[in-house]
Enquirer: 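Please find one structure pasted underneath; my questions will follow.
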Amino acid sequence: MKLAIFASGNGSNFQALVTNLREKKLAVTFDWLFCDQPEAYVLQRAEELGVPASQFSPKDFANKVAYEQEILRQLRERKIDLVILAGYMRIVGPTLLTAFENKIVNIHPSLLPNFPGLHGIRDAYEAGVATTGVTVHLIDAGVDTGPIIRQEKVEIEPTDTLEILEQKIHAVEHRIYPEIVEEMIKNGGYLK
């Protein structure tokens, strides 16, 4: 199975996925990292891990459709089976959703439907809730509204700082995301 990972930033989930799934020696290859940010650290991680990477921005195109058509062209050229979002900070549009229906998976740092959007960890922390967590879900046309695959709770202790909460969330993400992707690989890119 050929995988593409989309990311916009640091790339810790990207690295956790590649490292974990390579160790398991599954019938999978990481054929493309796509990044929309030219200075993102994930590009360096991809180079270090030997994963082919490309970077371009929606600003380089006339509109979102043209941007996604170029992404789709490259996905098809590489014969990608499954797209994994790992900190990709853009809403996926109909061009990609139609071509990869039920084949784009995302991880979000909250217990959806609570705290969707860009700042799930910070929003939960500032709201003063006792529990937040991590959600893995399929992508649909909404913002963090796709069918939920798995959720795991993370307790927010009264002594937790935002930084500590971020570390706790990332530890859960790095553990459960590879598990879900492994299950999808074993099932031909789908969930049971």
Side-chain angles (χ1 to χ4, degrees), residues 1-24 26-36 42 45-46 49 51 71 75 80-93 96-97 99-125 129 131-156 165-192:
M1 176 169 290
K2 294 174 171 268
L3 302 183
I5 300 178
F6 292 10
S8 297
N10 182 17
S12 66
N13 273 312
F14 163 75
Q15 184 164 348
L17 282 163
V18 173
T19 302
N20 186 291
L21 296 175
R22 281 181 175 168
E23 286 174 1
K24 299 204 176 210
L26 301 170
V28 63
T29 55
F30 294 90
D31 288 82
W32 191 36
L33 168 79
F34 171 66
C35 181
D36 63 333
V42 71
R45 289 183 194 257
L49 291 166
V51 176
I71 294 171
L75 289 167
I80 298 298
D81 299 301
L82 182 65
V83 176
I84 302 164
L85 306 184
Y88 182 64
M89 299 301 184
R90 299 209 177 268
I91 296 170
V92 176
L96 293 174
L97 287 172
F100 281 84
E101 185 175 2
N102 295 320
K103 295 273 193 160
I104 304 176
V105 64
N106 186 43
I107 191 159
H108 184 76
S110 77
L111 293 176
L112 294 174
N114 298 321
F115 310 111
L118 291 175
H119 305 290
I121 300 172
R122 185 188 71 201
D123 293 345
Y125 183 79
V129 296
T131 304
T132 187
V134 174
T135 302
V136 178
H137 64 100
L138 292 174
I139 293 296
D140 66 7
V143 177
D144 296 325
T145 58
I148 291 173
I149 298 168
R150 181 169 164 192
Q151 292 186 307
E152 187 164 315
K153 292 180 181 179
V154 173
E155 301 299 322
I156 303 175
L165 180 58
E166 287 171 346
Q167 291 171 2
K168 290 164 70 171
I169 292 286
H170 294 317
V172 172
E173 289 176 335
H174 297 170
R175 181 174 47 78
I176 71 169
Y177 211 16
E179 292 172 0
I180 297 299
V181 174
E182 178 182 359
E183 181 183 333
M184 293 181 79
I185 291 164
K186 290 178 177 177
N187 291 303
Y190 293 98
L191 296 165
K192 283 185 178 180

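Just so you know, these numbers use all the heavy atoms, side chains as well, and skip hydrogens, waters and symmetry mates. Sequence positions, counted from 1, serve as the residue numbers for this chain.
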Enquirer: Go through the structure and list residues passing side chain to side chain contact (heavy atoms under 4.5 Å, CB included) with Lys2, not counting sequence neighbours.
Expert: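 Lys2 satisfies side chain to side chain contact (heavy atoms under 4.5 Å, CB included) with Thr29, Asp31, Lys79, Ile80, Asp81 only.
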Enquirer: What residue among His108, Arg150, Gln151 forms side-chain hydrogen bond (donor to acceptor under 3.5 Å, both in side chains) with Thr135?
Expert: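 When His108, Arg150, Gln151 are each tested with Thr135, the side-chain hydrogen bond (donor to acceptor under 3.5 Å, both in side chains) holds only for Gln151.
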Enquirer: Of all residues at least two apart in sequence or in a different chain, which pass the salt bridge (Lys or Arg N to Asp or Glu O under 4.0 Å) check with Glu182?
Expert: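 If we apply the salt bridge (Lys or Arg N to Asp or Glu O under 4.0 Å) test to Glu182, skipping adjacent residues, the hits are Lys24, Lys186.
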Enquirer: Mind checking what makes side chain to side chain contact (heavy atoms under 4.5 Å, CB included) contact with Pro116, not counting sequence neighbours?
Expert: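 Checked Pro116 against side chain to side chain contact (heavy atoms under 4.5 Å, CB included); matches are Leu112, Asp144.
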Enquirer: For Ser12, is there any backbone N or O sitting under 3.5 Å from a side-chain donor or acceptor partner on Asn10?
Expert: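 It does not hold such a pair.
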Enquirer: Grab the two heavy atoms, one from Val42 and one from Cys35, that are nearest each other, plus how far apart they are.
Expert: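 What the structure gives for the nearest pair is CG1-SG, 3.9 Å.
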Enquirer: Between atom OH of Tyr88 and atom CZ of Phe34, what is the distance when rounded to the nearest 0.5 Å?
Expert: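 Result: 5.0 Å between the selected atoms.
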Enquirer: Which residues pass the side chain to side chain contact (heavy atoms under 4.5 Å, CB included) test with Val143, sequence neighbours left out?
Expert: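 With sequence neighbours excluded, Val143 shows a side chain to side chain contact (heavy atoms under 4.5 Å, CB included) to Ile91, given in chain and number order.
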Enquirer: Hey, does Tyr125 have a side-chain heavy atom less than 4.5 Å from the side chain of Glu166?
Expert: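 Heavy-atom side-chain distance check fails, nothing below 4.5 Å.
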Enquirer: Only distances under 3.5 Å count here; give the side-chain donor-acceptor pairs of residues 99-107 to other protein atoms, sequence neighbours excluded, each with its distance to 0.1 Å.
Expert:
residue	atom	partner	partner atom	Å
Lys103	NZ	Gly188	O	3.2
Asn106	ND2	His137	NE2	3.1

Enquirer: Looking at side-chain heavy atoms only, is the closest gap between Leu165 and Val154 below 4.5 Å?
Expert: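 Yes, side chains in contact.
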Enquirer: Quiz question: by atom type and distance under 3.5 Å, do the side chains of His170 and Gln167 form a donor-acceptor pair?
Expert: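 No, no side-chain donor-acceptor contact under 3.5 Å.
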Enquirer: Please determine, by modelled atom types, if Arg175 and Asn20 share a side-chain donor-acceptor pair under 3.5 angstrom.
Expert: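 No.
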Enquirer: List the residues meeting side chain to side chain contact (heavy atoms under 4.5 Å, CB included) with Arg122, not counting sequence neighbours, and say none if there are none.
Expert: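 For Arg122 the side chain to side chain contact (heavy atoms under 4.5 Å, CB included) partners, ignoring immediate neighbours, are His119, Glu126, Leu162.
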Enquirer: Without swapping roles, check the side chain of Ser110 against the backbone of Phe115 for a donor-acceptor pair under 3.5 Å.
Expert: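 Indeed, once roles are kept as given, a pair shorter than 3.5 Å links the two residues.
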